[in-house]
Amino acid sequence: MDENAKINKLRRKLEESFSQSSIGEERFVPNAKENAWLDENCLKRYLIARDWSVSKSCKMLHESLLWRRSFKPDSISIDDIKPVHDLGTTYVNGFDKTGKPIIYMKPGAYNPNSAEQKVMFLVWILEKAIRSMDKEKKVEKMCWILDFSEYGSRAKSSDGLQVAKESASILSNNYPERLGSCFILNSPWYFSAAWMLISPFLAPATKKKIHWISGSKDKIFDGLKDEIDSSQLEEVYGGSNKIKYDSVDDYRREIEWEKSNLKKLQS
């Protein structure tokens with residue numbers, strides 16, 4: 001069966017599942033926003049994540065729809081996660097050579113916020129990265145750079161492992177085939193122990209996209225240059241991208257985007 005036939009079969013099976021499922025006493029019916037989310041590219045990502053098994057993909061999609069209706073990831077306002085956002089340690093800046101948005105995560109500042117807010121922020125940054133993807137060029141994945149260079153000097157959060165496990169589960173179960181690559185820089189020695197606990201929650205294909213780099217700036221640049229052009233890579237990693245992230249400016253831009261988006265929805 002070819003790719004398009006599988007996608008069409010999945011759509012039919014998904015529609016059948018809606019007629020047989022319910023939330024409380026009401027039948028589950030996708031709303032307009034959910035139907036828009038269920039486009040051909042979405043169905044294909046879920047099929048790939050489940051090795052093109054229509055039944056497994058249908059189950060995964062149905063569970064994601066229930067999660068999205070409950071969590072409302074595309075309705076999170078920057079004001080909902082502002083305390084975490086203002087730390088300025090996780091943000092989108094630039095694109096790799098194939099157009100994937102680059103998400104930088106630099107755990108260095110103590111994060112006193114609740115586990116719930118931290119997870120909500122992660123979902124918000126995922127949705128923001130997805131918004132920045134060039135749909136005409138069929139960009140669907142993102143590139144992560146996790147830099148632990150300043151992690152050793154920070155005060156550790158007691159809920160760090162809980163947040164990491166829940167985040168990995170959300171990424172794997174509700175954002176399949178969204179990860180293009182992930183570069184983990186200068187991770188502390190004890191991170192390998194945490195990785196052993198987190199990695200079972202990730203699909204095998206996802207784990208293959210994760211690369212570990214340690215050492216000097218030159219070594220890090222060598223590990224990143226094949227995927228990220230120097231013009232898009234921050235200077236601290238040997239690149240020439242001089243744009244420095246500013247959480248205040250980013251907050252202002254997001255507020256403007258939310259206002260503009262609200263007007264579109266109301267028109």
Side-chain angles (χ1 to χ4, degrees), residues 1-23 26-76 92 96 98-103 119-144 164-182 198-210:
M1 189 179 294
D2 66 19
E3 188 176 292
N4 289 332
K6 283 271 190 178
I7 291 172
N8 291 332
K9 186 176 180 180
L10 174 57
R11 189 175 295 281
R12 289 194 300 270
K13 189 169 182 62
L14 197 57
E15 290 171 354
E16 291 173 7
S17 74
F18 294 149
S19 65
Q20 298 168 2
S21 62
S22 62
I23 300 176
E26 295 184 6
R27 186 168 68 89
F28 182 90
V29 179
N31 56 38
K33 185 184 292 187
E34 290 164 343
N35 277 320
W37 178 77
L38 285 167
D39 62 11
E40 183 175 311
N41 292 329
C42 175
L43 300 186
K44 183 177 177 180
R45 286 194 302 272
Y46 278 75
L47 279 165
I48 293 172
R50 287 298 179 263
D51 298 321
W52 293 91
S53 167
V54 171
S55 59
K56 291 180 180 178
S57 302
C58 182
K59 182 176 184 296
M60 186 184 188
L61 262 171
H62 207 146
E63 290 172 350
S64 283
L65 280 166
L66 292 173
W67 175 80
R68 292 183 72 84
R69 183 168 290 191
S70 172
F71 202 99
K72 296 179 175 57
D74 50 2
S75 297
I76 299 172
V92 181
D96 74 1
T98 60
K100 296 190 294 290
I102 302 170
I103 300 177
V119 172
M120 184 183 292
F121 174 78
L122 172 83
V123 172
W124 177 83
I125 205 78
L126 287 170
E127 294 287 330
K128 179 178 180 177
I130 291 168
R131 291 201 319 260
S132 73
M133 294 174 182
D134 191 330
K135 306 301 187 293
E136 291 185 1
K137 294 182 179 179
K138 298 183 178 180
V139 176
E140 294 193 323
K141 299 178 186 292
M142 56 194 78
C143 172
W144 284 77
K165 288 172 66 177
E166 187 172 348
S167 299
S169 177
I170 287 175
L171 180 62
S172 182
N173 295 326
N174 300 295
Y175 293 89
E177 296 302 308
R178 284 298 195 183
L179 179 65
S181 56
C182 177
I198 297 169
S199 59
F201 293 90
L202 300 176
T206 300
K207 285 186 277 190
K208 290 180 181 178
K209 300 171 184 176
I210 297 174

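Just the heavy atoms: all of them, side chains too, but no hydrogens, waters or symmetry mates, feed the values below.
The side-chain hydrogen bond (donor to acceptor under 3.5 Å, both in side chains) pairs that include a residue from residues 51-60 are Ser53-Ser55, Lys59-Glu63, where partners are two or more places apart or lie in different chains.
Checking Tyr46 against Ser64 by side-chain atom types alone, a donor-acceptor pair falls below 3.5 Å.
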Determine, stepwise, if the pair Trp144 / Ser181 fulfils side chain to side chain contact (heavy atoms under 4.5 Å, CB included).
-> CA-CA 6 Å; Trp144 284 77; Ser181 56; over 6 Å; no
Show your working on side chain to side chain contact (heavy atoms under 4.5 Å, CB included) between Glu34 and Val29 and close with a plain yes or no.
-> CA-CA 9 Å; Glu34 290 164 343; Val29 179; over 6 Å; no
Side chain to side chain contact (heavy atoms under 4.5 Å, CB included) assessment of Leu126 paired with Asn174 = CA-CA 11 Å; Leu126 287 170; Asn174 300 295; over 6 Å; no
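Contact annotation: the side chain of Leu171 never approaches that of Leu122 to less than 4.5 Å [non-hydrogen atoms, C-beta and beyond]. Residues Lys141 and Glu177 meet the side-chain proximity criterion, which asks for heavy atoms closer than 4.5 Å. Counting heavy atoms from C-beta on, the side chains of Ser17 and Leu61 never come closer than 4.5 Å. In this structure, the side chains of Cys58 and Leu10 come closer than 4.5 Å at one or more pairs of heavy atoms. Side-chain contact between Asn4 and Glu40 is present, with heavy atoms from C-beta onward closer than 4.5 Å. Side-chain contact check for Val92 versus Ile125: some heavy-atom pair is nearer than 4.5 Å. Between Pro73 and Trp67 the shortest side-chain heavy-atom distance falls below 4.5 Å.
With sequence neighbours excluded, the residues forming a ring-ring contact (aromatic ring centres under 6.0 Å, His included) with Trp124 are His85, Phe121, listed by chain and number. Every residue two or more places apart in sequence or in another chain that forms a side-chain contact (heavy atoms from CB on, under 4.5 Å) with Asp96 is listed here: Thr98, Lys100, Cys143, Glu227, Ile228. Judged as a side-chain contact (heavy atoms from CB on, under 4.5 Å), and not counting sequence neighbours, the contacts of Ala164 are Ile198. For Arg131, the salt bridge (charged side-chain N to carboxylate O under 4.0 Å, His left out) partners at least two apart in sequence or on another chain are Glu254. Under the side-chain contact (heavy atoms from CB on, under 4.5 Å) criterion, Glu15 pairs with Arg11, not counting sequence neighbours.
Environment of NZ in Lys128: crowded, with over 12 heavy atoms of neighbouring residues, nucleotides or ligands closer than 6.0 Å. Within a 6.0 Å radius of NZ in Lys9, no more than 12 heavy atoms belonging to other residues, nucleotides or ligands are found. Within 6.0 Å of NZ on Lys44 lie no more than 12 heavy atoms contributed by other residues, nucleotides or ligands.
Remark: Leu65 CG to Cys42 SG distance equals 7.5 Å, nearest 0.5 Å. Here CG of Asn8 is found 11.0 Å from CD of Glu3. Values are rounded to the nearest 0.5 Å. Lys33 NZ to Asp74 CG: the interatomic distance, rounded to the nearest 0.5 Å, is 4.0 Å.
Side chain of Ser169 to backbone of Glu166: no donor-acceptor contact under 3.5 angstrom is found. For the pair Lys135 (side chain) and Met133 (backbone), a donor-acceptor distance under 3.5 Å is present. Using modelled atom types, one side-chain atom of Lys209 and one backbone atom of Leu179 make a donor-acceptor pair closer than 3.5 Å.
The existence of a salt bridge linking Lys72 and Glu127 is excluded, since no basic side-chain nitrogen approaches an acidic carboxylate oxygen closer than 4.0 Å. Using a 4.0 Å cut-off between charged side-chain N and carboxylate O, Glu140 and Arg45 make a salt bridge.
The two residues Arg69 and Asn31 make their nearest non-hydrogen contact at NH2-N, 3.9 Å.
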